[in-house]
Amino acid sequence: MAKSATERAPAVAGKKASKPVNPIINLYLIAYNWASFAGWSYVLIQTVRTLVATGGDYTKVYDIVGDQLVWVQTAAVLEILHSLFGLVKSPVGTTAMQVASRLLLVWGICTLFPLPEVRHYWGFTTMTIAWCITECIRYAYYALNLVNMGPSFLVWCRYTFFFILYPVGAGSEAIEIYQALPFAHTIHPGYYYFLVAMLCIYPPGFFVMYTHMIGQRKRYLGPAKAKKSE
């Protein structure tokens with residue numbers, strides 16, 4: 001979902017509150033976050049270039065960035081291991097669910113259904129853009145925090161852009177799942193009902209994540225925070 005959707009909650013590698021055990025772990029987390037930032041930046045740039053080159057033809061986007069999107073998102077499985085082995089203080093269960101929701105989209109929808117109705121639908125493009133912007137901000141934020149650098153503009157972006165990115169990301173994910181429903185029976189009848197259940201989970205799940213981020217925004221950008229920084 002967006003966190004999935006768009007963004008997973010701050011339960012990821014490089015969380016500011018995390019204190020790596022030693023400099024080697026710290027260096028690894030910095031490298032991981034910057035590598036992830038580079039991967040998502042590449043996908044975003046290629047997506048924008050494709051749209052510009054084709055005059056906004058979103059049906060061409062998957063053919064250009066589909067494979068890269070799958071692998072850059074799959075690499076986030078490492079974040080579950082980071083949490084599991086204590087490299088960061090993120091809850092293992094929360095991190096696993098957030099990563100799994102994204103993997104469902106890239107593997108269980110876009111890869112499993114190589115159909116124009118799924119891959120070439122506009123929902124894939126809007127989902128990709130929302131994910132990319134969210135993750136570029138998130139990974140840069142975590143990487144810089146690991147070296148005690150937290151630019152105020154990046155903090156503002158992280159806790160403001162979600163107002164648009166969350167609805168766009170989560171909505172696009174739900175649309176992509178919906179587009180796959182007519183073909184889910186070809187995989188297994190049970191998979192169809194699983195996807196239906198996922199669609200039913202999206203509204204309450206989105207509400208929880210969205211209100212959580214609003215609370216986080218008040219925490220990091222609210223009056224109390226501003227007074228404290230003066």
Side-chain angles (χ1 to χ4, degrees), residues 1-8 36 38-80 96-136 138 164-207 209-210:
M1 185 170 294
K3 73 36 56 291
S4 126
T6 79
E7 171 187 34
R8 293 180 294 281
S36 297
W40 284 103
S41 295
Y42 176 79
V43 174
L44 178 60
I45 291 170
Q46 291 298 101
T47 299
V48 173
R49 287 181 61 183
T50 300
L51 291 173
V52 172
T54 62
D57 187 357
Y58 56 79
T59 66
K60 307 297 183 184
V61 173
Y62 183 90
D63 296 335
I64 302 299
V65 306
D67 290 342
Q68 293 92 330
L69 178 67
V70 168
W71 292 112
V72 75
Q73 179 56 61
T74 301
V77 169
L78 289 173
E79 296 180 14
I80 300 175
M97 287 189 292
Q98 292 166 342
V99 172
S101 66
R102 289 282 191 89
L103 294 181
L104 170 64
L105 268 298
V106 295
W107 288 105
I109 300 296
C110 295
T111 299
L112 192 60
F113 300 101
L115 304 165
E117 292 86 350
V118 175
R119 293 183 172 184
H120 298 161
Y121 199 66
W122 60 263
F124 174 82
T125 298
T126 52
M127 177 184 75
T128 299
I129 293 174
W131 283 7
C132 286
I133 296 174
T134 295
E135 300 297 44
C136 285
R138 186 170 69 91
I164 300 298
L165 295 177
Y166 264 45
V168 172
S172 299
E173 291 174 27
I175 288 171
E176 282 294 284
I177 294 175
Y178 180 80
Q179 286 296 108
L181 281 181
F183 313 100
H185 283 292
T186 63
I187 304 301
H188 190 280
Y191 194 59
Y192 170 85
Y193 293 107
F194 168 73
L195 294 182
V196 170
M198 290 300 299
L199 284 176
C200 293
I201 291 173
Y202 260 78
F206 171 79
F207 176 79
M209 293 296 294
Y210 201 65

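These figures come from a predicted structure and were not determined experimentally.
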Smallest heavy-atom separation, Ala184 atom then Leu195 atom, equals CB-CD1, 4.0 Å
To the nearest 0.5 Å, atom CG of Leu104 lies from atom CD of Glu176 at 11.0 Å
task = Mark yes when over 12 heavy atoms from residues, nucleotides or ligands other than Ile164 sit less than 6.0 Å from its CD1; otherwise mark no.
result = no
Go through it in stages, so that I can follow the logic: the residues are Val168 and Ser172, the test is side chain to side chain contact (heavy atoms under 4.5 Å, CB included), and I'd like the CA-CA distance, side-chain angles, deciding distance and then a yes or no. CA-CA 6 Å; Val168 172; Ser172 299; 4.1 Å; yes
OH (Tyr191) and CE (Met198) are apart, to the nearest 0.5 Å, by 9.0 Å
Which word best sums up how the rings of Phe113 and Phe183 line up, parallel for under 30°, tilted for 30 to 60°, or perpendicular for over 60°?
tilted
With Val48 as partner, the option from Ile45, Leu44, Leu51 fulfilling side-chain contact (heavy atoms from CB on, under 4.5 Å) is Leu44
- Query: For the residue pair Trp71 and Trp107, does the interplanar ring angle fall in the parallel (under 30°), tilted (30 to 60°) or perpendicular (over 60°) class?
  - Reply: perpendicular
Begin with the C-alpha distance, continue with both residues' side-chain angles, and end with the deciding distance and a verdict on side chain to side chain contact (heavy atoms under 4.5 Å, CB included) for Ile129 and Leu165.
-> CA-CA 9 Å; Ile129 293 174; Leu165 295 177; over 6 Å; no
Would you say Leu103 and Val77 make side-chain contact, with heavy atoms under 4.5 Å?
-> yes
Scanning both residues in full, the closest heavy-atom pair of Pro189 with Tyr193 reads O-CD1, 3.2 Å
Minimal heavy-atom distance between Val106 and Val70, with the atoms involved, is O-CG2, 3.9 Å
- Item | Verdict with reasoning, Trp131 to Val72, per side chain to side chain contact (heavy atoms under 4.5 Å, CB included) | CA-CA 11 Å; Trp131 283 7; Val72 75; over 6 Å; no
The reported gap from CD in Gln46 to OG1 in Thr128 (rounded to nearest 0.5 angstrom) is 12.5 Å
d(Arg119 CZ, Thr59 OG1) to nearest 0.5 Å is 13.5 Å
Closest non-hydrogen contact found for Ala180 with Ile109 is CB-CD1, 3.9 Å
Do Arg102 and Glu79 sit within salt-bridge range, that is, some charged N less than 4.0 Å from a carboxylate O? no
So OG1 of Thr50 and NZ of Lys60: to nearest 0.5 Å the spacing works out to 11.0 Å
- Task: Spell out, as yes or no, whether a donor-acceptor pair under 3.5 Å connects the side chain of Gln179 to the backbone of Glu117.
- Result: yes
Test ring pair (Phe, Tyr, Trp, His ring centres under 6.0 Å), reference Tyr62, set Phe124, Tyr121, Trp122, output is Phe124
Item to complete: For Leu69 and Thr47, run side chain to side chain contact (heavy atoms under 4.5 Å, CB included): C-alpha distance rounded to whole Å, both residues' side-chain angles, the deciding distance at 0.1 Å, then the answer.
Response: CA-CA 10 Å; Leu69 178 67; Thr47 299; over 6 Å; no
Closest non-hydrogen contact found for Cys132 with Val43 is SG-CG1, 3.6 Å
All heavy atoms of Leu199 vs all of Ala174, minimum pair found to be CD2-O, 3.4 Å
Taken to the nearest 0.5 Å, the spacing of Ile177 CD1 from Ile201 CD1 works out to 9.5 Å
request  = Measure the acute angle between the ring planes of Tyr210 and Tyr166, then classify it against the limits of 30° and 60° as parallel, tilted or perpendicular.
outcome  = tilted
Just checking Tyr42: does its OH atom have more than 12 heavy atoms from other residues, nucleotides or ligands closer to it than 6.0 angstrom? no
